[in-house]
Number of protein chains: 4
Amino acid sequence: MVRRQARGRQRIGEILDAASALFAEAGYDRTSTNAIAARAGMSPGSLYQYFPNKQAIADALSERLLAELREAHAASFDDTAVAGLPLPDLVSRVVDPLVFFHVTHPGAKVLIGEKGQSLHTGVTDRVGSLLRARSPELPDDDVRRTSTVAVQIVAALMGSIVAAPEPERAALVQELKRALTGYLATPADR
Amino acid sequence: MVRRQARGRQRIGEILDAASALFAEAGYDRTSTNAIAARAGMSPGSLYQYFPNKQAIADALSERLLAELREAHAASFDDTAVAGLPLPDLVSRVVDPLVFFHVTHPGAKVLIGEKGQSLHTGVTDRVGSLLRARSPELPDDDVRRTSTVAVQIVAALMGSIVAAPEPERAALVQELKRALTGYLATPADR
Amino acid sequence: MVRRQARGRQRIGEILDAASALFAEAGYDRTSTNAIAARAGMSPGSLYQYFPNKQAIADALSERLLAELREAHAASFDDTAVAGLPLPDLVSRVVDPLVFFHVTHPGAKVLIGEKGQSLHTGVTDRVGSLLRARSPELPDDDVRRTSTVAVQIVAALMGSIVAAPEPERAALVQELKRALTGYLATPADR
Amino acid sequence: MVRRQARGRQRIGEILDAASALFAEAGYDRTSTNAIAARAGMSPGSLYQYFPNKQAIADALSERLLAELREAHAASFDDTAVAGLPLPDLVSRVVDPLVFFHVTHPGAKVLIGEKGQSLHTGVTDRVGSLLRARSPELPDDDVRRTSTVAVQIVAALMGSIVAAPEPERAALVQELKRALTGYLATPADR
DNA sequence: CATGAATGAGGCTTCATTCAT
DNA sequence: CATGAATGAAGCCTCATTCAT
């Protein structure tokens, strides 16, 4: 029965892989559940053994992406050591795995940035806690707003970055870092 | 026959108004052409007299939005006088009408930011020419890249700005300006 | 434009005819909307131009059947002259057109008898008003109960009657009349 | 292997219990075999070990209901002593256990009354033999017809009876008895 | 040129049934 | 015999587009 569960997990993974690829290619609305099932090598009925409806697939995909993202970031630095880093270094430590992640998971760019989808929320929270660690005196509202803006900037540029061929990609990543650094270094008021 | 053309232009305008409203409410995919026709007070058949298919409506809407946007910006400053402005002032002169425009035309936020749609391209070109005016010595590639990034930042935040209720909206606009100022003020290299 | 409406009414009629036949053959659940459309000589999409969903077709069919039934009964006697009739005659005047009606509209037997469907309610109300006319002193609850029971008896036997070939059919109609006469002639209490 | 068979019988019973409950809740068509299996605490595959298809479950359930019904009736009186009873007493002796049975087995009301399902046939035969015992001189056709009609009347009203809350239920049972007594007491001809 | 009925492919989802384990 | 994942046809309904009037 442990085999059963392992098999189930694998099939869920296949579904999410297929959905990720198709969402990346055509977006959520234009991706049919039958197409996801076909790409995952199963029948439509099987897909519905694992997910109750199309939205649930997107949700689960968001969850998985978020988890993988957390893992990737955890490998890049630990939150406690963050307060002392110079801003450009911090930005690089955050952005680089993020870019790698998105290049590796092109499906992410469709889900991230859509409010209410858990990935977006999760990433924003994570960035918020980083900001909080660096600026403990900042009001909660400002932390939330700044992290939201930062995440949206990243999300906005990520599409171009992922789509760009390699020489240009690096340049765009530079630009993203410049934008974030410039944004976060600029005093909030005035 | 001049009357004919005037009538046609008006009907096209009605279609675009309807499409704009519906795209804003539900997005492109979830807006049906029949709904657009109904909102525009005409039959589906009539709609197809003016547009060959759904995408053409979105394209025409993008064109019209771009034209209106140009007009709005032209009223805010003239390109030739831009070189001397301090950066924060320039940003405000660009961003404020843009925000006003998007608040007034909520449909724009669905179309802007989608690559290949003419609005996006047009706005990027326009920003590029502003950059060029301020930094004549910058390589073409850098101008293009910087303007693309700037436009994407604006597009990314515009959604939240339009959606936010007024006290928060102003705060988000501040953040957008901070982001742009910070980005453009930060030296490209290093 | 009057032609348009006439055409629409006709197509609605065709849909109801088709639904009636199929409901009679297989019942509501086993009748597909695509089958109704096909039998009505139109595409599934056209059907949905006239009805928002499957249940609405059944409802409209019930309404139409009820109206036709009212007409048939109105031709058989007028309510005001009913009080003086001997019970067997009254029963015949009610039952005969009903039987003719059901033989002519086999779809009716699926809809009648299902509580909450308007035909059933309508017929019960009508029978109730007949009872009320004959026995003005009867409590409301008894009128309702008696008419409900009478209608259910008719509905229950109608299936066999419609299904039976002619010599047997007449015999069953006799039985139905006997049942109703016996029921209504028997004093309620004791 | 006796254990085997005992186990099998028990599982069949569980399936029929589950089916009975679900048929009562939603009807035959709207009850899925998977739901039956789940309610019976087994897998779909196991269910199909005992029944070749969905209809066979309904058939077996009808058989079982009929057997239980026979048992209930046998406890209420014996056929040989029936000839001498006054009609109202006979009706009560038949109807009361029937009502109790249906209240106890709500699933029965979906199956009874559907021609060709064995429960209906069985009940009709039983009533026929009662009639035959009381009126030995009656032609076979009349016996069959009368018992069919009587059973259909019972079946028709049973739905309302089972569905009604208690004060109303008793009243409806009274009505049912009145209907049967009236029907059977009324001379067949003229 | 307007109309709106008509089309039919296709989307999401369910479910009776089978089969590998 | 049990399990439950797998199947795939089919059901209800939508919608971009066309065409007769």
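Note that the structure is predicted; figures quoted are calculated from it, not measured. A note on names: the letters A, B, ... follow the listed sequences, proteins ahead of strands, and every chain is numbered from 1.
- The two residues C:Arg39 and C:Ala18 come nearest to each other via the heavy atoms CG-CB, 3.5 Å.
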(request) Would you please test D:Phe23 and D:Asp29 for side-chain contact (heavy atoms from CB on, under 4.5 Å) and show each step? (result) CA-CA 8 Å; D:Phe23 287 166; D:Asp29 280 322; over 6 Å; no

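- Take the nearest nucleotide of DNA chain E for C:Gly41 and for A:Ser32: the residue whose nucleotide is more 5' is C:Gly41.
- Here F:dG11 presents its C1' atom at 12 Å from OH of C:Tyr28, a figure rounded to the nearest Å.
- As a whole-Å value, the separation of C:Ile36 CD1 from F:dG11 P is 11 Å.
- Checking the phosphate oxygens (OP1, OP2) of E:dA2, a side-chain nitrogen or oxygen of B:Gln49 falls inside 4.0 Å.
- Going from atom CG of A:Asp29 over to atom C1' of E:dC12 covers 13 Å, rounded to whole Å.
- Of the listed nucleotides (F:dC13, F:dG4, E:dT3), F:dC13 has the atom at the smallest distance from the side chain of C:Asn53.
- For the pair D:Ile15 CD1 and F:dT3 C1', the computed distance is 14 Å after rounding to whole Å.
- In this structure, C:Ala35 and D:Tyr50 both approach DNA chain F, and ranking their closest nucleotides by distance from the 5' end singles out D:Tyr50.
- D:Arg64 and D:Asp59 are not joined by a salt bridge, as no carboxylate oxygen comes within less than 4.0 angstrom of a charged side-chain nitrogen.
- Distances shown here put a side-chain N or O of B:Arg11 below 4.0 Å from the OP1 or OP2 atom of E:dA2.
- When distances run from any side-chain atom of D:Pro44 to the nucleotides E:dG8, F:dG4, F:dG8, the shortest one goes to F:dG4.
- Taking atom CD1 of D:Ile57 as the reference point, atom C1' of E:dC15 lies 13 Å away to the nearest angstrom.
- An OP1 or OP2 oxygen of E:dT7 is reached within less than 4.0 angstrom by a side-chain nitrogen or oxygen of C:Ser43.
- When the side-chain nitrogen and oxygen atoms of C:Arg7 are compared with OP1 and OP2 of F:dT21, none of them lie within a distance under 4.0 Å.
- The nucleotide E:dC1 finds no pairing partner, because no Watson-Crick or G-U wobble arrangement with both distances shorter than 3.5 Å includes it.
- Figure legend: A:Lys54 and A:Tyr48 shown without cation-pi pairing, the cationic atom not lying both under 6.0 angstrom from the six-membered ring centre and within 45 degrees of its axis.
- Nucleotide E:dT17 forms a Watson-Crick or G-U wobble pair with F:dA6, both donor-acceptor distances falling under 3.5 Å.
- Closest to the C:Ser46 side chain, of the nucleotides E:dT7, F:dA5, F:dT7, is E:dT7.
- Contact annotation: the side chain of B:Met42 never approaches that of B:Ile36 to less than 4.5 Å [non-hydrogen atoms, C-beta and beyond].
- Closest contact between the side chain of B:Tyr48 and the listed nucleotides E:dA16, F:dA16, E:dT3 involves F:dA16.
- For D:Lys54, counting side-chain heavy atoms from C-beta on, the closest listed nucleotide (F:dG4, E:dC1, E:dT17) is E:dT17.
- In this structure, the CE atom of C:Met42 is 12 Å from the P atom of E:dA5, given to the nearest Å.
- Atom P of nucleotide E:dT14 and atom CZ of C:Arg30 are separated by 20 Å, given to the nearest angstrom.
- With E:dT7, E:dT17, E:dA6 as the candidates, the nucleotide lying closest to the side chain of D:Asn34 is E:dT17.
- Comparing D:Leu47 and B:Thr33, the nucleotide of DNA chain F nearest to each residue sits closer to the 5' end for D:Leu47.
- Of the charged side-chain nitrogens involved, none lies within less than 4.0 Å of a carboxylate oxygen, so that C:Arg7 and C:Glu14 do not count as a salt-bridged pair.
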